Amino acid sequence: MSIPPGGQLMTTVERVQPNETTVPLLPCAAVEETLAFWRALGFVTTYEQRKPYVYLALRWSGFELHYGPAPRDLDPSAESSGGCLVMVDSVAPYHAAFTEAMRRTYGKVLARGLPRITRYRPGASRFSVVDPSGNTVVFIRRDEPDDLEYGGSPQLTGLARVLDNARILREFKSDDRAAFRALNSGLRRHGEAAPPVEQAMALAALVELSIALGEPERVPEWATRLRALTLTSTERDQVREAVGDPSSLDPWLPDARPH
């Protein structure tokens, strides 16, 4: 062990420099599909190897994704392959860039199955991209609050708490089915006593979730009730801001009518 000038012993900790870079290594069960998907989103392939084993390296903006061989029994549909977190200053530009790229390549935003991107609600602090191998890449705002209350914030009551719980289930647990069940049950229990704007937000979320879950036959049930509510212009804007694609509500969200 060397002794620097001055006679003090340099420890291992003192030699470590805080400038590390972590590159995720994800299992790849579908080489062609993986390359095609990330390239469609604008990623550049910096390394590609097929034999004697798979190794792929892709780069976009300031981060990289690397892929290696997948276990033989890997089932991408289980979506438990692997994943990583990408910490960013603001998530909205990333979501906008990826969804725009999807529309250019696929003619639509991939919102179901594999691969896909989760919805982004204005003001949300994260979203996920799930690749063809079932890996989940989560984009998270660096200053995301750390006091999330699963089950709904205790400061809220009734349908407002249900809405908060559904938001967390969707945005932080990526569990659309659980969010659907929470809203469906909560609307039955608290709907009549809730303000019209809260009812409308719950119904709008159920419309969106029915489509995302591949159950469009449920949409008329929620849409009819949404159309029957009387909302002000401000309330209507609140409802639109609560869903990922406000334009999807155009057929059912009525114009404001005076109270």
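Please read all numbers here as calculations on a predicted model, not as lab measurements.
- Salt bridge absent: Arg103 and Glu100 never bring a charged side-chain N and a carboxylate O closer than 4.0 Å.
- For the residue pair Leu183 and Ala205, the shortest heavy atom distance occurs at CD1-CB, 3.5 Å.
- Side-chain N or O atoms of Thr105 include none that pairs as donor or acceptor with a backbone N or O of Met102 at under 3.5 Å.
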(request) Evaluate side chain to side chain contact (heavy atoms under 4.5 Å, CB included) for Val86 paired with Ile140, printing each intermediate quantity in order. (result) CA-CA 6 Å; Val86 183; Ile140 303 178; over 6 Å; no
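- A 4.5 Å side-chain heavy-atom check between Glu79 and Leu114 finds at least one atom pair inside the cut-off.
- Taking all atoms of both residues into account, the shortest heavy-atom contact from Ala101 to Leu41 is CB-CA, 3.9 Å.
- At a threshold of 4.5 Å between side-chain heavy atoms, the hydrophobic network of Ile, Leu, Val, Met, Phe, Trp and Tyr places Val138 and Phe172 in two separate groups.
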(message) Show, in sequence, the C-alpha distance, side-chain angles and deciding distance for Glu235 and Glu198, and conclude whether the side chain to side chain contact (heavy atoms under 4.5 Å, CB included) test is met.
(response) CA-CA 9 Å; Glu235 290 171 339; Glu198 290 181 8; over 6 Å; no
(message) One pair to check against side chain to side chain contact (heavy atoms under 4.5 Å, CB included): Phe37 and Val129. What are the steps and the verdict?
(response) CA-CA 11 Å; Phe37 174 65; Val129 177; 3.6 Å; yes
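- Taking 4.5 Å as the limit, every side-chain heavy atom of Pro196 sits out of range of all side-chain heavy atoms of Thr230.
- Of the possible polar contacts, one joining the Thr46 side chain to the Ala57 backbone as a donor-acceptor pair under 3.5 Å is found.
- In this structure, the side-chain hydrogen bond (donor to acceptor under 3.5 Å, both in side chains) partners of Ser77, at least two apart in sequence or on a different chain, are Asp75.
- Follow the hydrophobic side-chain contacts under 4.5 Å out from Val137 and you reach Val109 in the same cluster.
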(request) Please step through ring-ring contact (aromatic ring centres under 6.0 Å, His included) for the pair Phe98 and Tyr120, ending with a clear verdict. (result) CA-CA 11 Å; Phe98 293 151; Tyr120 175 75; over 10 Å; no
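- The shortest heavy-atom contact between Ser81 and Pro76 is OG-CA, 4.3 Å.
- Here Thr232 contributes atom OG1 and Asp237 contributes atom CG; the two are 8.0 Å apart, rounded to the nearest 0.5 Å.
- Counting heavy atoms from C-beta on, the side chains of Tyr67 and Leu25 never come closer than 4.5 Å.
- Of the inter-residue distances, the one linking Glu221 atom CD with Leu206 atom CG reads 8.5 Å to the nearest 0.5 angstrom.
- One distance of note links CD of Glu33 with SG of Cys28; it measures 8.5 Å at 0.5 Å rounding.
- Using modelled atom types, no side-chain atom of Glu171 and backbone atom of Ala124 make a donor-acceptor pair closer than 3.5 Å.
- Between the CZ atom in Phe43 and the CH2 atom in Trp38 there is a gap of 5.0 Å [rounded to 0.5 Å].
- A salt bridge between Arg167 and Asp164 is present, with a side-chain N of the basic residue lying under 4.0 Å from a carboxylate O of the acidic one.
- Here the closest heavy-atom approach between residue Gln17 and residue Glu20 is recorded as O-OE2, 3.1 Å.
- Here Asp143 contributes atom CG and Ser125 contributes atom OG; the two are 8.0 Å apart, rounded to the nearest 0.5 Å.
- Atom CD of Glu192 has 12 or fewer heavy atoms from other residues, nucleotides or ligands within 6.0 Å.
- In summary, Glu144 and Arg126 engage in a salt bridge, as defined by a charged side-chain N under 4.0 Å from a carboxylate O.
- In terms of heavy atoms, Ser133 sits closest to Leu74 at O-CD2, 4.2 Å.
- Considering only heavy atoms from C-beta on, Pro115 stays 4.5 Å or farther from Val130 through its side chain.
- No donor-acceptor pair closer than 3.5 Å links the side chain of Arg181 to the backbone N or O of Ala178.
- A salt bridge links Glu215 and Arg177; the closest N-O separation between the charged side-chain nitrogens and carboxylate oxygens is under 4.0 Å.
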Result block: side-chain N/O donor-acceptor pairs under 3.5 angstrom for residues 87-95, not counting sequence neighbours:
unit_1: Asp89; atom_1: OD1; unit_2: Arg142; atom_2: NH1; d: 2.6
unit_1: His95; atom_1: NE2; unit_2: Thr118; atom_2: O; d: 2.8

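- Leu187 has its side chain within reach of Leu203: a pair of non-hydrogen atoms, C-beta onward, lies under 4.5 Å apart.
- Val54 and Tyr47 fall into different hydrophobic clusters, where Ile, Leu, Val, Met, Phe, Trp and Tyr are joined by side-chain heavy atoms under 4.5 Å apart, directly or via other members.
- Side-chain contact between Thr45 and Leu35 is present, with heavy atoms from C-beta onward closer than 4.5 Å.
- Between the Gln199 side chain and the Gly191 main chain, a donor and an acceptor come within less than 3.5 Å of each other.
- Electrostatic pairing of Arg170 and Glu208 counts as a salt bridge here, judged by a charged N lying under 4.0 Å from a carboxylate O.
- Contacts of Arg225 classified as side-chain hydrogen bond (donor to acceptor under 3.5 Å, both in side chains), with partners at least two apart in sequence or in another chain: none.
- In this structure, Ser210 and Val207 have side chains that are not in contact, with every pair of non-hydrogen atoms separated by 4.5 Å or more.
- When each of Arg236, Arg227, Arg240 is paired with Asp250, the salt bridge (Lys or Arg N to Asp or Glu O under 4.0 Å) condition holds for Arg240 and for no other.
- Taking hydrophobic clusters as Ile, Leu, Val, Met, Phe, Trp and Tyr residues chained together by side-chain heavy-atom distances below 4.5 Å, Phe63 does not share a cluster with Leu85.
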(message) Using side chain to side chain contact (heavy atoms under 4.5 Å, CB included), reason through Asn135 and Leu65 one step at a time and then give a plain yes or no.
(response) CA-CA 11 Å; Asn135 299 293; Leu65 297 174; over 6 Å; no
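- The two residues Val239 and Ala204 come nearest to each other via the heavy atoms CG1-CB, 3.7 Å.
- Within a 6.0 Å sphere centred on CZ of Arg59, other residues, nucleotides and ligands contribute 12 heavy atoms or fewer.
- If you chain together hydrophobic residues whose side chains sit under 4.5 Å apart, Ile211 and Leu253 fall into the same group.
- In this structure, the side chains of Thr21 and Val23 come closer than 4.5 Å at one or more pairs of heavy atoms.
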